[in-house]
*Asks:* 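Here it is, the structure, as structure tokens.
One-based numbering, in listed order, for ligands and for the atoms of each.
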Amino acid sequence: MFPCGFAWGAATAAYQIEGGWEADGKGASIWDTFCHEKGRVFGEHNGDIACNSYELWDRDLECIQQLGLTHYRLSLSWSRLLPDGTTEHVNQKGVQYYNKVIDDLLVCNVTPMVTLYHFDLPQALQDKGGWKSASVASLFDSYARFCFQTFGDRVKLWITINEPYVCAKLGHEDGIHAPGLKEPGTAAYLVGHNMLRAHAMAWHSYDSLYRPKQKGAVSLAINSDWVEPLHPGCPDHVAAAERLLAFSLGWFAWPVFVTGDYPEIMRSAIDAQSERLGHSGGSRLPSFSEDEPQVLGTADFFALNYYTSRKVKPGGGHGRTLCMKSDRDAEEVLDPSWPISGVSWLAVVPDGIRKLLNYIKDTCNNPAVYITENGFAQVGPLQIEDERRSVGEDKVNVRGYFAWSLLDNFEWADGTSVRFGLFHVDFSDTQRRRTVYRSGQEYAKMIQKYKSDQSR
Ligand code: BGC
């Protein structure tokens, strides 16, 4: 049973849908730069126009209403609001755009959940070192304060940073997301650390300066697969699964919800590997400073992005290379019984979300949870009559569910070749025609049923 007041949502992110990449004074973001470099993204696709939601917001609103959503999760483009990333210069056109989006949602009785950062750092800040630089945290805090001040009279649900794991690892270790850095074994830990510092500063700013009046809630969106030992009877496999979970969920959830620091197994695995490889210069995993705002307790709810699960055994890295894979020493295996969605990484394991939610309940003090993303991809020939997508739900304190995504959109390194939408978007049409999928219709029916049960 879904509790009273359950949030039925769908999610999007600015770079993936907006387009208008240089419209009305917007500054470039690292994704603009990354996509404009040859060979970075499938088919040289980019988000210059994407779903053109910058111009076609009214169409998106129609889609939202057609589904009967109670909530809509969107992200703000930092460089649309603050073109050089600092509050020195505010782009009023950007402010107007988001004001309209927020106001229209509220008029239609849809609650906005707003993400401040979804992978798209202003290029101007990347030029100063980006997330590797310690000073980015206070610049993020200033941006966050600006947003709380400007939109917080109407926005009550905030996500500071979306998936720090993905930004850190894919952007700075693997180099397959912007800014495309490949600095294995070092940069990702530093970036993750600065993201946690930035998040904590913004949460404290909200807590002391805005919460008393605005009365909203702030968290960060943590992504994690559910993981299990390949052979549960084998202690090595059990330990490898624990390590992998510590390097994914634990990396960001432990500092914020559990201990105020990284999981002990994560630190000891990294330090042991440094010693083995003769890496000197202190731990590659930074430490939190007592002189800075405390990170423990800086989330008013748990925002979970869940897509898939993995079985795990030891191995996977090259033991003699400095990289995250060799640090965590856990090889991911797909269970052959799991159906694979359009993309190879996304095995469909609805049971995994139930187990992960229970794990979060047990280890993170039973927080209120919003599932801020969950989705299923389609590739290849278009099927509007797509397979139904579903989610398991249990007796944990789940307050809401946001399907990823409202629209087919720019799926990062896969360009527009991978479709996650509840609505199909025709990228060959200048009007970017939106057509509801069968899955969108099914989702709308679930929401409708919930609403009529509630009103009885
Ligand atoms: C991200 C989305 C992305 C989705 C599917 C999440 O990692 O937050 O931006 O489109 O997964 O890959």
Side-chain angles (χ1 to χ4, degrees), residues 9-19 29-32 34-35 41-42 45-47 50-51 53 72-78 113-121 158-174 176-178 188 191-192 195 199 219-226 248-249 251-252 302-310 340-349 352-353 356 370-379 386 389 391 401-425 427 439:
T12 58
Y15 187 77
Q16 295 181 274
I17 65 162
E18 284 178 5
S29 82
I30 54 173
W31 269 95
D32 293 314
F34 188 73
C35 292
V41 172
F42 173 87
H45 294 179
N46 59 54
C51 306
S53 295
Y72 177 57
R73 177 176 173 229
L74 66 138
S75 84
L76 307 179
S77 158
W78 186 344
M113 177 186 271
V114 172
T115 303
L116 296 174
Y117 185 77
H118 199 123
F119 302 177
D120 50 352
L121 191 73
W158 293 99
I159 301 291
T160 53
I161 295 179
N162 181 68
E163 300 191 348
Y165 174 95
V166 170
C167 299
K169 181 163 186 300
L170 277 60
H172 300 80
E173 164 108 8
D174 305 334
I176 56 173
H177 271 201
V191 163
M195 289 190 144
H199 159 78
S219 188
L220 78 171
I222 298 179
N223 64 292
S224 185
D225 300 344
W226 172 244
S248 51
L249 185 86
W251 184 1
F252 299 98
F302 200 112
L304 174 69
N305 293 357
Y306 171 83
Y307 285 88
T308 191
S309 294
R310 293 286 184 265
I340 300 292
S341 84
V343 275
S344 58
W345 59 267
L346 209 171
V348 184
V349 197
I353 197 169
L356 189 57
Y370 283 91
I371 297 163
T372 38
E373 282 181 36
N374 174 245
F376 178 94
Q378 195 189 86
V379 291
D386 58 342
R389 310 166 205 185
V391 57
Y401 173 83
F402 291 77
W404 183 270
S405 174
L406 179 67
L407 305 171
D408 285 346
N409 57 41
F410 174 82
E411 175 51 20
W412 308 116
D414 290 324
T416 52
S417 67
V418 171
R419 300 185 292 270
F420 269 97
L422 295 167
F423 282 80
H424 172 60
V425 175
F427 291 101
S439 56

*Asks:* Going by the rule salt bridge (Lys or Arg N to Asp or Glu O under 4.0 Å), which residues pair with Asp225 if we only count those two or more places apart in sequence or in a different chain?
*Replies:* none

*Asks:* Between Phe376 and Val348, what is the shortest heavy-atom contact and its length?
*Replies:* CE1-CG2, 3.2 Å

*Asks:* Taking ring pair (Phe, Tyr, Trp, His ring centres under 6.0 Å) as the test, write out the residues that go with Trp78, two or more places apart.
*Replies:* Phe140, Tyr143

*Asks:* First locate atom CZ of Phe420, then atom OH of Tyr307, and finally report the distance between them rounded to the nearest 0.5 Å.
*Replies:* 5.5 Å

*Asks:* I'd like to know whether the aromatic ring centres of Phe410 and Tyr15 sit less than 6.0 Å apart in this structure.
*Replies:* yes

*Asks:* List the protein residues in contact with ligand 1, where contact means a heavy-atom separation under 4.0 angstrom.
*Replies:* Gln16, His118, Asn162, Glu163, Tyr307, Trp345, Glu373, Trp404, Glu411, Trp412, Phe420

*Asks:* List the residues meeting salt bridge (Lys or Arg N to Asp or Glu O under 4.0 Å) with Glu373, not counting sequence neighbours, and say none if there are none.
*Replies:* Arg73

